[in-house]
Amino acid sequence: MNIDYHALAPEIILALTVVAVLVVDLLPVEKFWTAVVGLGGLFLSFIPVLTLGFCESLEFCDDTGVRVLFGDSYVVDTFSLVLKGVFLGGAFISILLSVGYLESDRFWQGEYYFLLLSSALGAVVLASSRDLITLFVGLELVTGPTFLMAGWRKGDARSNEAALKFFIIGVISAAILLFGMSLVYGVTGETTFTGIRLASAGIVDQPLFTMGVVFTLLGFAFKVSAVPFHFWTPDTYEGAPTPVTAYLSVVSKAAGFVGLLVLCYLAFAELRNIWGAALWILAALSMTVGNLIALKQTNVVRLLGYSSIAQGGFMLVPFGAAVTAGASPAQLEDAFFATVTYLLIYAFMNLGAFAVVIAVRNRLVTAEMDAWGGLYNYAPGLATMLAIFFLSLAGVPPLAGWFAKLVMFRSALSIGGGWAIALAVIAVLNAVIGFAYYAKVVKAAWFDPIPEAIPADELRGRSIVPSLQFALGLTVVAVVLLGFFPDVIARLGDLTTGFVSGF
Amino acid sequence: MTFTDWVAQAENYVFLAIAIPMLFSAWRVVASQNVVHSVLYLVGALAGSAALFLLLGSEFVAWTVVLVYIGAVVVLFLFGIMITRAPLGQDVELSQPLRQRLPAAVVSGSLFLLMTGAMFDAFGGDVIPETEATRTFDVGISIFERWVIPFEVVSVILLAALVGGIVLARRDPDEMTEEVVSESEEVPQ
């Protein structure tokens, strides 16, 4: 059997890195080097993503267009390459966030990076999977290691609770997902997405097929923590080590969305009325419930937990808008584009927000908002970055978040129809509510007085470790530049829509 | 297929002979008040599913169920119960109050009816075609050709679970050095 090793190069390099980290962990060197090997491996596996992406302009690369491997089950197209880039970048920044955190206490470091990289490998595989089995196994590799990472503060009861809750909900959702997938396979007799799409034409009205699709969607709803399947999210986000929370809220959530995107727009393309309606409800609930509960939060990490539920709802809006029966292929492409673009921008701004939280907790330990008062007076740089990321999450121009919200509204409004417009209205109301609590954090940091309870020596400059500085720098530059030049990200998003109408 | 056709076929009696004890043990898994009994009934339920796979001619799957589930997973359950020193006898805490049981019964009952209805709608009149038993050789070839990516990914999942599980179960380095000293002096109880 001929295998296109160029197409598989990112996965192979990442898999080798995973093993290399374990080996370096055995060597009598500083544990710090395991992180360096991990970062190096992520960087190296990004190179073939680039060479595959720019294949037509490279001499040594024989351009075969979309690379289809293993009987339609594994596809390397521009969609998968863009998402692979996001996953590798997200994992890269997550490792940068973790280095200082893990050094600050006695943690098992080598094993931590090993788990994080295995999870990233799962996400990279997931981006290419066009087959139920590969998709499921990839998703399990994304979530499996994160159960363990959530409990990495072993002595802390909250961390144990976070891991246990996440694990139990995670395996139940995996079981529901697998049950749904087995029904879909049973009815269509196919596991590849193209096969399912072709087979589904004649059986769209069959109740069992509908149930299979609904169960599959519910499984993913747990993964992307859409309301009402979100109960694990705040506790897990608060209890887990903060860098793990950052990873969970970006890479793990994005992996869930990638699964939803390929399933809905490729495998279940003929059942738009079913997934459109189901995701319409989830989008409206996630935005509203997530935002309303976030308003009442006093802990910044918990607030970001609810905010990520609400942001997930915004990403679901284009799916929900696609329920309109008359939507043309071009409009569906636009909806697909909106979700991908939102995901790309969200990844940078949320990682940045967590980087700031980690940097502030480095000084103040607590994440309670009251204690953050007057941050600007003793850490003006951090307070500025806090404002940038939180206002970007709120969608304030000219930061990148506004473009994400813009394409989301545009897709819902251009599809039109009562349901899509109603969802857009709900999204507008929620964007306003969202602004209130993001601004509350910024206000505390800039205008509130420094609480008296905080000892003066904590306020004196405690330096931020270089890796965290690097992560902050990367995300700030991305969020500000993408806000001014959104066409860069729009171009990437545009490239991904290939399979929506190209069937 | 009519009822007389159904009665005339010998396989159906074998099916019933497997399915009825299987249903019974599946019921006992959840209803038993004793954790160890639940696990042993689980062996029965899993053995039944392996036998059903044999009946369908999927030898490889059947023996995988026996080896992996009955052989490894159930033994792991028993180990887990014994190591964590869970009460081995009657456990009254396993029975939930009525206000939890009732909604659970309503949800699972309606889901069961819905699923059964949908299953009959989809496959009600179908006859399982007579096919040759799947050869393990073919399964092996397809795992290493078409399904090689999931196969490799599963191996990474297992490795990650192993490494992470060991870390969570081990004592932390600082505790360990203290413990090693004290353990060596400790008199075995």
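So you know, we letter chains A, B, ... as the sequences are listed, proteins then strands, and number each from 1.
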Asks: Grab the two heavy atoms, one from A/Ser98 and one from A/Leu116, that are nearest each other, plus how far apart they are.
Replies: OG-CD1, 4.3 Å
Asks: Which residue out of A/Trp152, A/Phe114, A/Tyr74, A/Phe136 racks up the most heavy-atom pairs below 4.5 Å with chain B?
Replies: A/Phe114
Asks: Is the closest basic N to carboxylate O distance between A/Arg130 and A/Asp72 below 4.0 Å?
Replies: no
Asks: At their closest point, which heavy atom of A/Leu177 faces which heavy atom of A/Thr216, and how far apart are they?
Replies: CD1-O, 3.3 Å
Asks: Quick check: closest heavy atoms across B/Ala50 and B/Val65, and the distance to 0.1 Å?
Replies: CB-CG1, 4.0 Å
Asks: Which residues from residues 155-165 of chain B are near chain A, with near meaning under 4.5 Å between non-hydrogen atoms?
Replies: B/Val156, B/Ile157, B/Leu159, B/Ala160, B/Ala161, B/Val163, B/Gly164, B/Gly165
Asks: Return the NE2 to CG distance between B/His37 and B/Leu42, rounded to the nearest 0.5 Å.
Replies: 14.0 Å
Asks: Sort out for me which of A/Gly144, A/Gly122, A/Pro207 touches chain B most, counting heavy-atom pairs under 4.5 Å.
Replies: A/Pro207
Asks: Please check if any side-chain donor atom of A/Asp156 sits under 3.5 Å from a side-chain acceptor atom of A/Ser159, or the reverse.
Replies: no
Asks: Go through the atoms of A/Leu121 and report whether side chain, backbone, both or neither lie under 4.5 Å from a heavy atom of chain B.
Replies: side chain
Asks: Checking heavy atoms, do the side chain of A/Leu115, its backbone, both or neither come under 4.5 Å from chain B?
Replies: side chain
Asks: If I measure from the heavy atoms of chain B, does A/Ile203 come under 4.5 Å with its side chain, its backbone, both, or neither?
Replies: neither
Asks: With a 6.0 Å cut-off on the ring centroids, do B/Phe151 and B/Phe144 count as close?
Replies: yes
Asks: Are B/Phe53 and B/Phe60 near enough that their ring centres are under 6.0 Å apart?
Replies: no
Asks: Would you mind checking which part of B/Ile149 comes under 4.5 Å of any heavy atom in chain A, side chain (CB onward), backbone (N, CA, C, O), both or neither?
Replies: side chain
Asks: Please look at B/Ile166 and chain A and tell me whether the side chain, the backbone, both or neither of the residue comes under 4.5 angstrom of a heavy atom of that chain.
Replies: neither
Asks: Compute whether any side-chain donor of one residue and acceptor of the other, for A/Thr191 and A/Asp131, lie under 3.5 angstrom apart.
Replies: yes
Asks: Should A/Glu103 and A/Lys31 count as an ion pair when the cut-off is N to O under 4.0 Å?
Replies: no
Asks: Using heavy-atom distances under 4.5 Å, tell me whether A/Leu69 contacts chain B through its side chain, its backbone, both, or neither.
Replies: neither
